[in-house]
Amino acid sequence: MMRAVEEPTRLIPAVDGAERPTAEIPAVRPRGAHTPAGGGRRILGLPRPAFAGVAALAGLAVVGGALTALDAKDQVPMHTRVLGIDIGGRSEKDATRELVNGLGDRVQSPLTVRIGDQTTTVDPQRVGLTLDVEATVARAADSAPNPIKLIFGRDVAPVVSVDAEKLADAVAPTATKAGHAMTLPKITFSGLTPKATYPVAGEGVTQDAAAAAVTSGWLRQAEIVMPLTVITPKTSAADVDHLLAEVAEPAVAAPVTVNTDRGSFTVSRQAIAKSLVLKSDKYGLITPKVSEPKLRAALADELAGVEIQPQDASVRLADGTVKIMASQGGELVDTEQLAKDLLTILGQESGRSVAAAVEAVAAKTTESDLAALGIKEQVSTFTTHFSGGEDRNRNIIQVAKEVDGAVVKPGETFSLNGYTGERSYAQGYIDAPVILDGKLVKAVGGGISQFTTTLFNASYYAGLEDVFHKPHSYYISRYPSVIESTIYYPTLDMKFRNNTPYGVLIDTSTTSDSVTVTMWSTKVYDSVTTEWGPRRDVTQAKTVHLKDAGCVPAVGGIGFAQDAWRVMKSDGREVAREKFSWRYDAEPHFVCD
């Protein structure tokens, strides 16, 4: 049994010289224990009970100070750290500034991610990884820590957010290397026969696991470790069998009749097979749907019998003046709703008919739209010449016809590949020589780089912004050096942006030996001219023997580097100067063996 023994009250000198009593400090010792003379063992010149009293007072003082710190409004408690940076004892505003300065550019630096035996780096901006500094400081100020922690310091977790989906996509290639991708289920059609691909589980990083690893470790760990787990597609093999039996097979068993106010038409079994989509998303979930774009494409001939296509207003040249042709509204089947309605009856054996609405559709571009574009005068024109009778000439004429009349609105970017699409035999193009991988070979659409160069120069001399173009590998004397362009679908394109406040009309014309592109708009510059620098680093041609099928012989030519400057003037003074540079390889003397 222990009991407390009271010690007599001691007096200690006060600061003003007066004596004041100390608090009564009990000492605890076993009952019957002997107390040595002099009041017990002395520590630092004080008896044990007295020392304990001083320590208790000191502890109360520290705790009291800590509680005072907690009571301060908009004040971060003392000894508070975030990511190793001490922001304690400051107002929230000053603490925010201290944290921002302490972090510096750490929040912008790529973070290293390890998945299994693979590593990669992730750009924080690309995945929406952010540190909310103000929320972090507010968390530090609002929290009520254990007073003891205020003595030794405390760490407050930062407020971090990330776009989990973008993060998972960013690390997916590395996760696939470390583990293996799952096989996504799908059902596709070979003609009218549905074929199933069954799901197989993979090993990778889940979206939640990736987000958790990054939000907890970013700015705290040199390397973020993401765990590999087994990932199973959401659509199972049994689900695929069910979709085969209940959706895919019945869907193409019979055609569907569509009734409209303008007449009826049939959605054939083939059209159903082409438009029914049974592919999974990236999580392996198959959600059956009828693709509206695919349905409309498959029904092109049938829709033509019940639809009236709207006609946009257009700009034409007549006797050297710009005229606006009126727009015309149309009537189109609501194929978006039709696609949804079809899906509801494709599983039925009978009653396979639906009603579809035909809706009035306005033209996308009206006369007033074009009138506001300010297309009123010729702003540039450019012509290149070719020798007649060649296959390539047919291609040049064909692409010129397709581009003729194109209108580029202010701020829009014109892409030649995007405007014409893939140039194929069906469009009227034929095989002709092209330069591919440094060799002359025959390919469909060969020769249209001459039109590309002509179009590029017309846009160049109109002062329009060059977005992308690539000159030929070899110098071709019929083109101006440096300011010319090749093209090859889909990898090489020619693009320019209408960076003026006016619309641009592209007018093309051809003769038996030339192609001309003229731009109509409102002039922004008085003149646009070119200044060429001298040729430099000239190299000579080498003879190359080729055994390739389809080889095209060439006499060869020199290689050189050169600069050209586009000079734009307004009111008689230079307002802009743009440099273009290119190096031509020496064209080999190709001998076809």
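- Here Lys470 contributes atom NZ and Leu492 contributes atom CG; the two are 5.5 Å apart, rounded to the nearest 0.5 Å.
- Between the side chain of Ser485 and the main chain of His469, no donor-acceptor pair closer than 3.5 Å is present.
- With a 4.5 Å cut-off on side-chain heavy atoms, Asp241 and Tyr198 count as touching.
- In this structure a side-chain-to-backbone donor-acceptor pair under 3.5 Å is present from Asp526 to Asp571.
- Counting only residues at least two apart or on different chains, the side chain to side chain donor-acceptor pair (under 3.5 Å) pairs with a member in residues 106-118 are Arg114-Glu223.
- At least one donor-acceptor pair under 3.5 Å links the side chain of Asp312 to the backbone N or O of Lys364.
- Judged by distance alone, the side chain of Ser236 and the main-chain N or O of Asp239 form a donor-acceptor pair under 3.5 Å.
- Met182 approaches Val200 most closely through the heavy-atom pair CB-O, 3.1 Å.
- The number of heavy-atom neighbours closer than 6.0 Å to NZ of Lys282, taken from other residues, nucleotides and ligands shown, is above 12.
- At a cut-off of 3.5 Å, with distance as the only test, no side-chain donor of Ser527 or Thr529 sits close to an acceptor on the other residue.
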Listed pairs under 3.5 Å, donor-acceptor, residues 155-163 side chains, sequence neighbours left out:
{"residue": "Asp155", "atom": "OD1", "partner": "Arg81", "partner atom": "NE", "Å": "3.2"}
{"residue": "Asp155", "atom": "OD2", "partner": "Arg81", "partner atom": "NH2", "Å": "3.3"}
{"residue": "Ser161", "atom": "OG", "partner": "Thr130", "partner atom": "OG1", "Å": "2.8"}
{"residue": "Asp163", "atom": "OD1", "partner": "Glu165", "partner atom": "N", "Å": "3.2"}
{"residue": "Asp163", "atom": "OD1", "partner": "Lys166", "partner atom": "N", "Å": "3.1"}

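- Within the 4.5 Å cutoff, the side chain of Leu373 has heavy atoms near those of the Pro410 side chain.
- No donor-acceptor contact under 3.5 angstrom links the side chains of Thr344 and Asp341, judged on distance only.
- In this structure the side chain of Leu243 reaches within 4.5 angstrom of the side chain of Pro288, judged on heavy atoms.
- Judged purely by atom type and a 3.5 angstrom limit, Glu92 has no side-chain atom pairing as donor or acceptor with the backbone of Gln75.
- The heavy-atom pair separating Leu228 from Ala175 by the smallest distance is CD2-O, 4.2 Å.
- Of all non-hydrogen atoms in Ala211 and Ala164, the two that sit nearest each other are CB-CB, 4.0 Å.
- For the pair Arg566 and Tyr460, the cation-pi criterion (under 6.0 Å, within 45° of the ring axis) is fulfilled.
- Between atom CZ of residue Phe496 and atom OG1 of residue Thr413 there is a gap of 9.0 Å, rounded to the nearest 0.5 Å.
- Nearest heavy atoms, Trp565 versus Trp532: CZ3-C, 4.4 Å.
- Here the side chain of Asp493 pairs a donor or acceptor atom with the backbone of Asn417 at under 3.5 angstrom.
- In terms of modelled atom types and a separation under 3.5 Å, the side chain of Thr121 and the main chain of Leu111 share no donor-acceptor contact.
- The environment of Gln221 atom CD is dense: over 12 non-hydrogen atoms of other residues, nucleotides or ligands sit within 6.0 angstrom.
- In this structure a side-chain-to-backbone donor-acceptor pair under 3.5 Å is present from Trp582 to His472.
- Side-chain contact check for Val107 versus Val133: every heavy-atom pair is 4.5 Å or farther apart.
- For the side chain to side chain contact (heavy atoms under 4.5 Å, CB included) criterion with Lys279, the lone passing option out of Leu184, Thr188, Ile187, Thr197 is Thr188.
- Inspection of the Thr500 and Asn498 side chains reveals an N or O donor paired with an N or O acceptor under 3.5 Å.
- No side-chain donor-acceptor contact under 3.5 Å links Arg90 to the backbone of Glu98.
- Side-chain atoms of Val403 and Phe414, non-hydrogen and from C-beta on, do get closer than 4.5 Å to each other.
- Between the side chain of Thr96 and the main chain of Glu134, no donor-acceptor pair closer than 3.5 Å is present.
- For the pair Arg220 and Leu83, the tightest heavy-atom approach, listed with the atom from each and the gap, is CG-CD2, 3.2 Å.
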